[in-house]
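This report refers to the structure that appears directly beneath it.
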Amino acid sequence: EIFYSFYVNGHHTLDTGEIMPPLGEPEYDVNQVPQKLFLTWNRRYRRHRVLLVLLLEKLNLIDRSFISFQKIDAERVSSTYEGQIEHLKMDSVGHARGPINQMCEDFGYTRDFYSDSLVSLITETNYHQNECTLTEKSFKPLYNKHPFIILGVPGALQAIRDMGFKTFSDFWDESYDTLQDPSHRFMVIKEQIEKIALWNDQQILEFRRNVKPILDHNYHMFAEPGSVAISNQIYNHITENFNKGHAHWCAPHGGCHFE
């Protein structure tokens, strides 16, 4: 497990200080049992992220997961992991240190963690809100050929499918994406985590063989013409759903600012 503070004095820290060039297409080895079952990136504190880490602890899955989670929020130094747990009135879990500090990168620093784990547990920025939001967190597993479960708002998976990507209902229950109640949604996600945790090596390899076509499809959606279709979908969604009541944020020349 990895608990690491990603920021030092408000700035990203890098092991080498060098910028890595973008990597090529990832190799998805269907004959390899990954080192870990789950991968979950977390930086800012959110209630559902703390709950997920506590769930993994409760299910004895910390040692079977790559988990990034800082002990102290460097953007709000008064906010600590223990404080978040106390706020939830739940028991604390242990901490360990690790060498991950490029969580927000896009140049391949984290590629090995995708290769060495089976499924991403994506903790999106929003979970309890009504509106559907997708950030870079949901797109990085797509680009890294990684299966995923999203802890996000209802409709997050459907939004990804609407862009042309494929998800994983052939392998686990994705009905959680339709559940409006946050607690119910979390419990259904918990059930999927528990089922995956019971897979033996043979089941893991069978899953990797069967899921590879989906991962290949998702990766290649980032190339033209797929990327053009995705961009058009995002543009149409923004223009159709932009709250006209906030039009005063937009300057006459067309630029907008959001506070």
Side-chain angles (χ1 to χ4, degrees), residues 1-4 6 23 25-30 32-44 46 48-53 55-56 59 61-69 98 100 102-127 133-153 156-161 163 165-174 176-177 185-186 188-197 199 204 207-208 210-219 221-222:
E1 75 275 26
I2 299 135
F3 289 81
Y4 191 87
F6 296 106
L23 299 183
E25 181 174 350
E27 179 183 356
Y28 191 77
D29 188 350
V30 299
Q32 173 191 350
V33 176
Q35 177 185 353
K36 303 285 187 179
L37 278 181
F38 300 110
L39 168 65
T40 179
W41 302 111
N42 305 276
R43 182 162 60 87
R44 291 186 179 92
R46 298 284 189 272
H48 61 291
R49 294 174 180 170
V50 177
L51 287 173
L52 174 64
V53 174
L55 172 63
L56 294 175
L59 298 177
L61 292 173
I62 293 290
D63 289 339
R64 302 180 70 189
S65 305
F66 288 127
I67 304 170
S68 69
F69 212 111
I100 302 181
Q102 295 97 4
M103 184 192 76
C104 295
E105 59 79 30
D106 292 294
F107 300 101
Y109 295 107
T110 57
R111 174 66 60 83
D112 288 346
F113 294 99
Y114 290 99
S115 300
D116 292 338
S117 58
L118 188 66
V119 176
S120 281
L121 302 177
I122 302 171
T123 53
E124 262 294 352
T125 298
N126 293 332
Y127 183 81
T133 54
L134 293 175
T135 68
E136 84 291 342
K137 302 172 188 65
S138 293
F139 291 95
K140 288 181 178 180
L142 294 165
Y143 186 73
N144 283 281
K145 292 190 177 184
H146 214 234
F148 56 85
I149 293 171
I150 295 184
L151 285 81
V153 299
L157 285 178
Q158 186 59 54
I160 287 175
R161 289 192 290 266
M163 293 183 210
F165 295 105
K166 297 180 180 180
T167 59
F168 308 95
S169 60
D170 290 343
F171 305 99
W172 50 71
D173 182 7
E174 291 189 331
Y176 65 84
D177 190 54
R185 192 162 67 253
F186 191 87
V188 174
I189 291 172
K190 170 181 175 288
E191 292 172 0
Q192 310 321 305
I193 293 173
E194 289 176 315
K195 291 177 181 178
I196 294 170
W199 289 354
I204 289 174
F207 166 72
R208 286 173 70 85
N210 292 332
V211 81
K212 188 177 185 299
I214 294 177
L215 305 180
D216 290 340
H217 166 84
N218 289 343
Y219 176 83
M221 280 294 294
F222 287 97

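Under a 3.5 Å cut-off, the side chain of R185 and the backbone N or O of G152 do form a donor-acceptor pair. With hydrogens and angles disregarded, a donor-acceptor distance shorter than 3.5 Å links the side chain of N218 to the backbone of K166. Between the side chain of Y176 and the backbone N or O of I150 there is at least one donor-acceptor pair closer than 3.5 Å. Between the side chain of H146 and the main chain of S117, a donor-acceptor pair closer than 3.5 Å is present. Between the R208 side chain and the D29 main chain, a donor and an acceptor come within less than 3.5 Å of each other. Although no hydrogens or angles enter the test, the distance criterion places a donor-acceptor pair under 3.5 Å between the side chain of R49 and the main chain of T123.
Not counting sequence neighbours, the partners of E191 by the side-chain contact (heavy atoms from CB on, under 4.5 Å) test are E194.
Under the 30°/60° scheme for interplanar angles, the aromatic rings of W199 and F207 are found to be tilted.
Looking at L56 and L121, their side chains come closer than 4.5 Å, going by heavy atoms from C-beta outward. You'll find the side chain of L142 stays beyond 4.5 Å of the side chain of M221, heavy atoms only.
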Please determine whether side-chain contact (heavy atoms from CB on, under 4.5 Å) holds for the pair F168 and V119, giving the CA-CA distance in whole Å, both sets of side-chain angles, and the decisive distance to 0.1 Å. CA-CA 11 Å; F168 308 95; V119 176; over 6 Å; no
Take I196 and I149 through the side-chain contact (heavy atoms from CB on, under 4.5 Å) test and state the conclusion after the steps. CA-CA 11 Å; I196 294 170; I149 293 171; 4.0 Å; yes
Check step by step if side-chain contact (heavy atoms from CB on, under 4.5 Å) holds for K137 and W41. CA-CA 8 Å; K137 302 172 188 65; W41 302 111; over 6 Å; no
Taking it one step at a time, do R161 and D177 satisfy side-chain contact (heavy atoms from CB on, under 4.5 Å)? CA-CA 12 Å; R161 289 192 290 266; D177 190 54; 4.2 Å; yes
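Considering CZ of F148 and CG of L215, their distance stands at 9.0 Å, rounded to 0.5 Å. For the atom pair CD1 (I62) and CZ (R64), the distance works out to 12.5 Å, reported to the nearest 0.5 Å.
Ring centers of F222 and F165: under 6.0 Å apart, within the cut-off.
Because its NZ or CZ atom is both nearer than 6.0 Å to the ring centre of F66 and within 45° of the ring axis, K36 counts as a cation-pi partner of that residue.
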